Amino acid sequence: MLLAPLWPCSAQLADVPQMRVERNDDGVFLSATVRFDLPPLVEDALVKGIPMFFVAEAEVVRERWYWYDQPVASAARYMRLSYQPLTRRWRLQTSPTPIGSSGLGVTLGQTYEDVSEVVAAVQRISRWKISDTALPDSDAHYSVDFRFRLDVTQMPRPFQFSAVGRPDWNLSVGRSMRLTTEPAR
């Protein structure tokens, strides 16, 4: 006997088709492209003026055979996507710290005319510095774990409760890549 899901399932396929990690004397840099379509519920909430928050996280780990992998460096990028109904413009704010409702703090803000333009900006990460220094041990093997997700914990409470168990609010993807042993010059 097959059971029908409670809500219509629109499987949100998100992936990271391109990811590049560069290593030089200044640090480790990540460039990635995340591919996804905004679910209809998310886009509907945006058009009604409710901001959505996206989080990109990267972690450099030293691989060890005898114990758990050792985290060496980590970085996070927070993005706040909102629609301004009066001006009919989309706004994207990016920050290295969580963007709170009490103030935007230190953010980079950009405005866009079309939803496809702003989603393309969210999906592109270019030369993001995830480690400040060169990696200490050149003989060790390192890898980079990258994660991208829609952060429903920063939405208003009623939306958080309605998002539980709904596949339309679950937008998450991750990818890992091993670093090369020699830094690029």
Side-chain angles (χ1 to χ4, degrees), residues 7-8 10-22 27-59 73-132 144-175:
W7 296 283
S10 62
Q12 298 304 320
L13 298 176
D15 66 338
V16 183
Q18 296 176 354
M19 182 171 148
R20 188 178 70 209
V21 179
E22 297 175 32
V28 179
F29 297 87
L30 176 99
S31 297
T33 302
V34 180
R35 185 174 44 203
F36 64 88
D37 292 326
L38 276 180
L41 286 176
V42 173
E43 194 167 352
D44 185 46
L46 279 166
V47 170
K48 291 179 180 174
I50 298 163
M52 293 295 145
F53 297 86
F54 296 91
V55 180
E57 300 168 319
E59 185 176 40
S74 64
R77 178 179 282 183
Y78 300 89
M79 293 167 270
R80 180 182 189 263
L81 175 61
S82 61
Y83 179 68
Q84 307 297 322
L86 292 175
T87 60
R88 294 185 181 156
R89 296 181 63 97
W90 295 87
R91 183 154 176 84
L92 177 64
Q93 292 152 324
T94 307
S95 174
T97 59
I99 301 170
S101 60
S102 61
L104 297 177
V106 179
T107 62
L108 170 66
Q110 296 174 301
T111 57
Y112 297 89
E113 296 288 330
D114 191 30
V115 66
S116 61
E117 294 174 2
V118 72
V119 169
V122 169
Q123 293 175 340
R124 244 186 349 264
I125 296 174
S126 179
R127 263 186 85 69
W128 175 29
K129 192 173 193 176
I130 59 175
S131 175
D132 287 333
V144 174
D145 297 329
F146 172 71
R147 292 173 302 279
F148 182 87
R149 64 186 166 86
L150 173 67
D151 190 6
V152 294
T153 62
Q154 293 190 38
M155 295 187 330
R157 288 272 187 221
F159 284 93
Q160 289 181 24
F161 292 129
S162 68
V164 174
R166 304 278 305 258
D168 287 340
W169 293 101
N170 186 15
L171 181 64
S172 178
V173 66
R175 183 170 173 185

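Everything quoted here is computed from the prediction, not taken from an experiment. All values below come from the heavy atoms of this structure, side chains included, with hydrogens, waters and symmetry mates left out.
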Set out, in order, the CA-CA distance, both residues' side-chain angles and the distance that settles side chain to side chain contact (heavy atoms under 4.5 Å, CB included) for Phe36 and Gln123, then state yes or no. CA-CA 8 Å; Phe36 64 88; Gln123 293 175 340; 3.5 Å; yes
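- Using modelled atom types, one finds no donor on one side chain facing an acceptor on the other under 3.5 Å when comparing Ser31 with Arg127.
- More than 12 heavy atoms of other residues, nucleotides or ligands sit less than 6.0 Å from atom CZ of Arg89.
- For Gln93 against Ile99, the heavy-atom pair with the smallest separation is O-CD1, 3.8 Å.
- No side-chain heavy atom of Arg77 sits under 4.5 Å from any side-chain heavy atom of Phe148.
- One finds the CZ atom of Arg124 at 8.5 Å from the OG atom of Ser126 (value rounded to the nearest 0.5 Å).
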Residues 44-53, side-chain donor-acceptor partners within the protein, below 3.5 Å, at least two apart:
| from | atom 1 | to | atom 2 | distance (Å) |
| --- | --- | --- | --- | --- |
| Asp44 | OD2 | Lys48 | NZ | 3.3 |

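- Taken from CZ in Arg20 to OG1 in Thr33, the straight-line distance is 9.5 Å, to the nearest 0.5 Å.
- Rounded to the nearest 0.5 angstrom, Gln84 CD and Trp90 CH2 are separated by 10.0 Å.
- Listed by chain and number, the residues in a salt bridge (Lys or Arg N to Asp or Glu O under 4.0 Å) with Arg88 amount to none (sequence neighbours excluded).
- Here the closest non-hydrogen pair linking Pro96 and Tyr78 is O-CE1, 3.6 Å.
- Within the model, atoms CZ of Arg80 and OG1 of Thr94 stand 12.0 Å from one another, a figure rounded to the nearest 0.5 Å.
- Of all heavy-atom pairs spanning Ala14 and Leu171, the tightest one is CB-CD1, 4.0 Å.
- Val122 approaches Leu92 most closely through the heavy-atom pair CG2-CD1, 3.7 Å.
- For Ser74, the side-chain hydrogen bond (donor to acceptor under 3.5 Å, both in side chains) criterion is met by no residue, not counting sequence neighbours.
- Looking at residues two or more places apart in sequence or on another chain, you find a side chain to side chain contact (heavy atoms under 4.5 Å, CB included) between Gln110 and Tyr112.
- When the salt bridge (Lys or Arg N to Asp or Glu O under 4.0 Å) test is applied to Arg149, the partners found at least two apart in sequence or on another chain are Glu57, Asp151.
- Residues that satisfy the side chain to side chain contact (heavy atoms under 4.5 Å, CB included) test with Thr97, not counting sequence neighbours, are Ser95.
- Between the Arg175 side chain and the Val16 main chain, a donor and an acceptor come within less than 3.5 Å of each other.
- Of all the heavy atoms in Val115 and Glu43, the pair that sits closest is CG1-OE2, 4.1 Å.
- Within the 4.5 Å cutoff, the side chain of Leu81 has heavy atoms near those of the Phe54 side chain.
- Considering only heavy atoms from C-beta on, Phe146 comes within 4.5 Å of Met19 through its side chain.
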